[in-house]
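These notes concern the structure reproduced below.
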Amino acid sequence: MPKRYWLMKSEPDAYSWDDLVAEGEGTWDGVRNHRAANNMRAMQVGDEAFFYHSNIGKEVVGVISISVTGITDPSDPDGKWAAVKVRPVRKLARPVTLAEIKADPALEGIELVRLSRLSVAELTEPEWKHILSLSDG
DNA sequence: GCCAACGTTGGC
DNA sequence: GCCAACGTTGGC
């Protein structure tokens with residue numbers, strides 16, 4: 001299974017990049033959308049994801065890697081929803097804003113924009129590399 | 001099984 | 001603060 005690429009949203013008020021770095025490893029729980037949950041179920045250990053700050057910032061701030069897959073959401077009393085654990089890899093040299101992503105023809109059709117309410121989205125490899133290039137120059 | 005009402009998310 | 005998109009709920 002080749003590596004896949006994801007984008008995971010969090011409101012920094014609730015859980016920010018700095019919170020994850022402080023923890024070292026974080027459980028990505030509280031997802032209550034089937035499409036987002038299915039994306040988490042499809043994740044493999046070692047897949048990489050962008051950490052995106054929604055609402056405040058509206059920008060991709062860092063790269064994380066999936067460290068544990070296939071766990072049930074500890075915040076779900078019924079134990080039906082999926083969760084994963086993630087670790088920070090590196091902060092981006094420069095955050096990439098939603099406005100930049102929307103304005104870039106190379107990122108037309110990206111799930112982040114097309115399905116704006118999806119909290120766990122998949123990126124194609126070209127989309128992933130393009131966003132990295134926007135940050136790193 | 002349809003659809004209106006309502007709640008939530010997230011951008012503006 | 002508003003609104004669009006989308007999911008869920010409940011009446012019929």
Side-chain angles (χ1 to χ4, degrees):
Chain A
M1 178 80 82
K3 184 150 89 175
R4 294 167 79 175
Y5 299 96
W6 312 93
L7 182 144
M8 304 173 81
K9 293 188 192 179
S10 180
E11 295 190 32
D13 267 4
Y15 192 77
S16 70
W17 170 263
D18 288 341
D19 292 333
L20 175 62
V21 170
E23 269 195 315
E25 182 176 54
T27 302
W28 209 275
D29 59 11
V31 172
R32 294 293 180 271
N33 170 281
H34 288 288
R35 185 159 182 162
N38 283 340
N39 280 342
M40 290 206 293
R41 290 190 183 96
M43 288 175 180
Q44 303 278 317
V45 171
D47 281 1
E48 289 189 295
F50 286 129
F51 193 121
Y52 175 84
H53 280 174
S54 61
N55 272 319
I56 301 168
K58 284 172 283 182
E59 56 194 14
V60 176
V61 292
V63 175
I64 58 184
S65 71
I66 311 305
S67 54
V68 182
T69 61
I71 59 178
T72 54
D73 187 333
S75 73
D76 173 20
D78 296 328
K80 288 179 185 167
W81 290 98
V84 295
K85 290 191 182 186
V86 302
R87 289 178 176 278
V89 174
R90 67 184 179 93
K91 196 168 186 170
L92 291 186
R94 184 181 68 75
V96 177
T97 66
L98 179 63
E100 284 179 86
I101 290 171
K102 280 187 158 177
D104 196 322
L107 298 172
E108 203 178 355
I110 191 173
E111 249 188 10
L112 170 69
V113 173
R114 211 178 71 239
L115 302 173
S116 68
R117 287 182 51 197
L118 186 64
S119 59
V120 181
E122 183 165 13
L123 297 180
T124 65
E125 190 174 9
E127 287 166 350
W128 173 268
K129 288 183 172 168
H130 192 79
I131 290 173
L132 277 183
S133 77
L134 289 179
S135 170
D136 297 338

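Keep in mind that the numbers below use all heavy atoms, side chains included, and drop hydrogens, waters and symmetry copies. We name chains A, B, ... by the order of the sequence lines, and we start the count at 1 in each one.
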Output for pair (L20(A) CG, R87(A) CZ), nearest 0.5 Å, gives 9.5 Å
How long is the line joining NZ of K58(A) and C1' of dT9(B), in whole Å? 13 Å
Rounded to the Å, how far apart are E111(A) CD and dA5(C) C1'? 15 Å
Measure from the side chain of N33(A), starting at C-beta and using heavy atoms only, and say which of dG7(C), dG11(B), dT9(B) lies closest. dG7(C)
In whole angstroms, how far is the C1' atom of dG11(B) from the CD atom of E59(A)? 14 Å
Tell me: CG of L118(A) to P of dC6(C), nearest whole Å? 11 Å
Interatomic distance, R35(A) CZ vs dA5(C) C1' [rounded to whole Å]: 13 Å
Look at the side chain of R32(A) and the base of dT8(B), then say whether one donor and one acceptor between them are separated by less than 3.5 Å. no
Look at the side-chain N and O atoms of Y52(A) and state whether any lies under 4.0 Å from the OP1 or OP2 oxygen of dG11(B). yes
Take the angle between the ring planes of F50(A) and W128(A) and call it parallel below 30°, perpendicular above 60°, tilted in between. parallel
Minimum heavy-atom separation for L92(A) and S135(A), please, with both atom names. CB-OG, 3.4 Å
Compare the minimum distances between each of dT8(B), dT8(C), dG11(B) and the side chain of N55(A), then state the nucleotide with the smallest one. dG11(B)
Of all the choices, dG10(B), dC6(C), dG11(B), which nucleotide is nearest to the side chain of L115(A) once you look at every atom? dC6(C)
Look up atom NZ in K58(A) and atom NZ in K102(A), then write down how far apart they are to the nearest 0.5 Å. 9.0 Å
Atom-to-atom span, NZ of K80(A) to C1' of dT8(C) - whole angstrom: 15 Å
Rounding to an integer number of Å, can you tell me how far R114(A) CZ sits from dG10(B) P? 16 Å
Measure from CG on D13(A) to C1' on dG11(B) and round the result to the nearest Å. 16 Å
